[in-house]
Amino acid sequence: MEPNESTCRICGGRVRAFFDFGRQPLSDHFPTEEEVDQEFFFRLAAGMCAECTMVQLLEEVPRDRMFRYDYPYRSSGSEYMREHFRDTARRLIETELSGPDPFCVEIGSNDGVMLRTVRDAGIRHLGVEPSGAVAEVSRAKGVQVRTAFFEEATAREIVDEYGPADVVYAANTLCHIPYLDSVFRGLDVLLGPDGVFVFEDPYLGDIVEKNTFDQIYDEHFYLFTARSVETAAGRFGFELIDVERLSVHGGEVRYTLARPGRRQPDPRVAELIAEENRRGLGDPMVLEKFGTEVKRVCWDLVARLRELRDHGYYVVGYGATAKSATVLNYTGIGPDLLPCVYDTTPEKIGRMLPGSHIPIRSAEEFRTSGAHYALLFAWNHLEEVRSREAAFTEQGGRWILYVPQFRLV
Ligand code: SAH
Ligand code: TMP
Ligand code: ZN
């Protein structure tokens, strides 16, 4: 096997790298002073399967390293996301969960942000969440959770205990799971004959269009398209019956799968696949071109940060996101160019960004930092951050975005 190749986790075909970000740490592991010399590193490279077009990482990080007891990401950390999941739950309640005694399972329920609304409607539900601390947070909200990884064995236990599910839902989680074969065997066991599997994840179409390359990190093992999902679903005994584009996290698609022949696929499925084919999203050349642009934008960012520093401006980071690991560790930007980064998540404050070891401070401290510029790693929350930190721009501060390229807003 060539060093820039791997074997497709879906079909066994040949995956060729289109971008190599090199040595990277775990994106969601924020070390303390004592932990800096024990960080785990892996090689982050993304490629596309020549057979089934599934975009995937060449190297897999063991799941127990990423999703530990103290996994720090909190879905409820943004008002926009809280609203998104409230609306999602309401829609499921009105549609797929409107029959007699419905049952809803969520894979990767995190702090219970979606299931809380399902629970409030008195609907039987179960979250499956391996990360212990977030699972406890959701239990405190009255949400039922099993602390486990969803896979075939977990699904068998659930169906034995609760019976078949009407809906299995997953947001920003299916793309985290390399072992989709086991997940689909589990879905086959768990879903009722007319049950649906609804999942939403970052969309390759948006990533290429908006150059949001930092969506590529350890946890995002797959970057889906309607075409690659349709092919994978078919292989695992399901049918793609609907797609919906979402604006969250810089652009996602919500996919609905059912057992073959049970539902009429919505015309939107064929339309989106046709659009992807027109854009060449399954074409290695298109992804190579995307890689060239990523490289240009990353090195341009370094040059601009040096320039600002050399002109005496104080530039800080905002949003200790998982995404920030990719750009920082690829370019080698560290505390000399970006002395600190601010975030609202209590679990992250007082720790450091992985690999780059840029210290994380609280959002309150941002207000007295005296920063001239703030590089926004949470670019997907631009509007919310801007209004939360309105005083920053009122005092003459400027936000810097690095996707699709360096720009001040
Ligand atoms: N659904 C939430 C959380 C996304 S973060 C949201 O959209 O905001 C991804 C979550 O998936 C983490 O909480 C992680 O612990 C969980 N996860 C990872 N692998 C999983 C698996 N095999 N089964 C269930 N959850 C998993
Ligand atoms: P995400 O992009 O993966 O959703 O992560 C967003 C991060 O940004 C998370 O650590 C919380 C943080 N954040 C702030 O610090 N301030 C804010 O106003 C918002 C919305 C998020
Ligand atoms: Zn493949």
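Counting starts at 1 for both ligands and their atoms, in listed order.
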Provide the closest heavy-atom pair for I273 versus A226 in the form atom of the first, atom of the second, distance.
-> CG1-CB, 3.7 Å

Heavy atom of F377, distance to ligand 2 below 4.0 Å | no

Do you know the tightest heavy-atom contact between P202 and I207?
-> CB-CD1, 4.1 Å

Pairing residues for E152 by the side-chain contact (heavy atoms from CB on, under 4.5 Å) criterion, not counting sequence neighbours | R156, S182, R185

What do you reckon, does E106 put a non-hydrogen atom under 4.0 Å from ligand 1?
-> yes

N/O separation below 3.5 Å, Y71 to ligand 1 | no

Closest to atom 26 (C) of ligand 1 among P130, S182, G132 (heavy-atom distance) = P130

Pair E244 + R91, salt bridge at N-O below 4.0 Å = yes

Is any NZ, NE, NH1 or NH2 atom of the basic residue among R146 and E129 found under 4.0 Å from an Asp or Glu carboxylate oxygen of the other?
-> no

Does an N or O from R63, backbone or side chain, lie closer than 3.5 Å to an N or O of ligand 1?
-> no

A171: numbered ligand 1 atoms lying under 4.0 Å from its heavy atoms | 1 (N), 2 (C), 4 (C), 6 (C), 7 (O)

Considering the heavy atoms of A378, write down every atom of ligand 2 situated less than 4.0 Å from one of them.
-> 8 (O)

Minimum heavy-atom distance between L328 and F377, given as atom pair plus value = CD2-CZ, 3.8 Å

Sub-4.0 Å atoms of ligand 2 with respect to non-hydrogen atoms of R388 = 16 (N), 17 (C), 18 (O)

Give the numbers and elements of all ligand 1 atoms closer than 4.0 Å to a heavy atom of G108.
-> 1 (N), 2 (C), 3 (C), 11 (O), 16 (C), 24 (C), 25 (N)

Nearest protein heavy atom to atom 3 (O) of ligand 2, by residue and atom, and its distance?
-> Y73 CE1, 3.3 Å

Is E219 salt-bridged to K323, cutoff N-O under 4.0 Å?
-> no

Validate the cation-pi geometry between R398 and Y373: distance from NZ or CZ to the six-membered ring centre under 6.0 Å, angle to the ring axis within 45°.
-> no

Looking only at distances, please establish whether an N/O atom of ligand 2 is found under 3.5 Å from an N/O atom of T321.
-> no

Contact (N/O only, under 3.5 Å) between H381 and ligand 2 | yes

d(L246 CG, Y203 OH) to nearest 0.5 Å is 12.0 Å

State plainly whether the residues R139 and E136 are in salt-bridge range, i.e. N to O under 4.0 Å.
-> no

Would you say the side chain of E239 lies within less than 4.5 Å of the side chain of L257, judging by non-hydrogen atoms?
-> no

Check ion pair R386-E383 (N to O, under 4.0 angstrom) | yes

Does Y80 approach ligand 2 within less than 4.0 angstrom via side chain, backbone, both or neither, non-hydrogen atoms only?
-> neither

Decide whether an N or O pair under 3.5 Å exists between N172 and ligand 1.
-> yes

Side chain or backbone of T345 under 4.0 Å from ligand 2, or both, or neither, by non-hydrogen atoms?
-> side chain

The answer for which part of H249 has a heavy atom under 4.0 Å from ligand 2 is side chain

Charged N to carboxylate O below 4.0 Å: is that the case for R16 and E5?
-> yes

Top protein contact for atom 14 (C) of ligand 2, by heavy-atom distance | T344 OG1, 3.2 Å

Using distance alone, determine whether S75 and ligand 1 share an N or O pair under 3.5 Å.
-> yes

Over-ring placement of R309 relative to Y314, 6.0 Å and 45° cut-offs = no

Contact atoms of ligand 2, heavy-atom distance to K348 under 4.0 Å | 9 (C), 10 (O)

To which of T173, V134, I177, V128 does the heavy atom nearest atom 10 (C) of ligand 1 belong?
-> T173

Closest approach of G250 and K210, non-hydrogen atoms and distance?
-> O-NZ, 3.0 Å

Using distance alone, determine whether F150 and ligand 1 share an N or O pair under 3.5 Å.
-> yes

According to the interplanar angle, ranging from 0 to 90°, do the rings of F103 and Y162 count as parallel (below 30°), tilted (30 to 60°) or perpendicular (above 60°)?
-> parallel

Identify, by atom number and element, the atoms of ligand 1 in contact range of I107, meaning under 4.0 Å from any of its heavy atoms.
-> 23 (N), 24 (C)

The Zn ion (ligand 3): protein N, O or S atoms that are less than 2.8 Å away, sorted by chain = C8 SG, C11 SG, C49 SG, C52 SG

Quick one: look up the protein heavy atom nearest atom 22 (N) of ligand 1 and list residue, atom name and how far away it is.
-> Y179 OH, 2.9 Å

Among protein heavy atoms, which sits nearest to atom 19 (C) of ligand 2, and what does the distance come to when rounded to 0.1 Å?
-> V385 CG2, 4.0 Å

Is R68 salt-bridged to D64, cutoff N-O under 4.0 Å?
-> no

Among F238, Y222, F224, ring-ring contact (aromatic ring centres under 6.0 Å, His included) partner for F199 | F224

Identify the closest protein heavy atom to atom 15 (O) of ligand 1: which residue and atom is it, and at what distance?
-> E129 OE2, 2.5 Å

N/O to N/O below 3.5 Å, does that happen between K323 and ligand 2?
-> yes

Looking at atom 9 (C) of ligand 2, what's its closest protein heavy atom, distance included?
-> D343 OD2, 3.6 Å

Which atoms form the tightest heavy-atom contact between H125 and I123, and what is the distance?
-> ND1-O, 3.0 Å

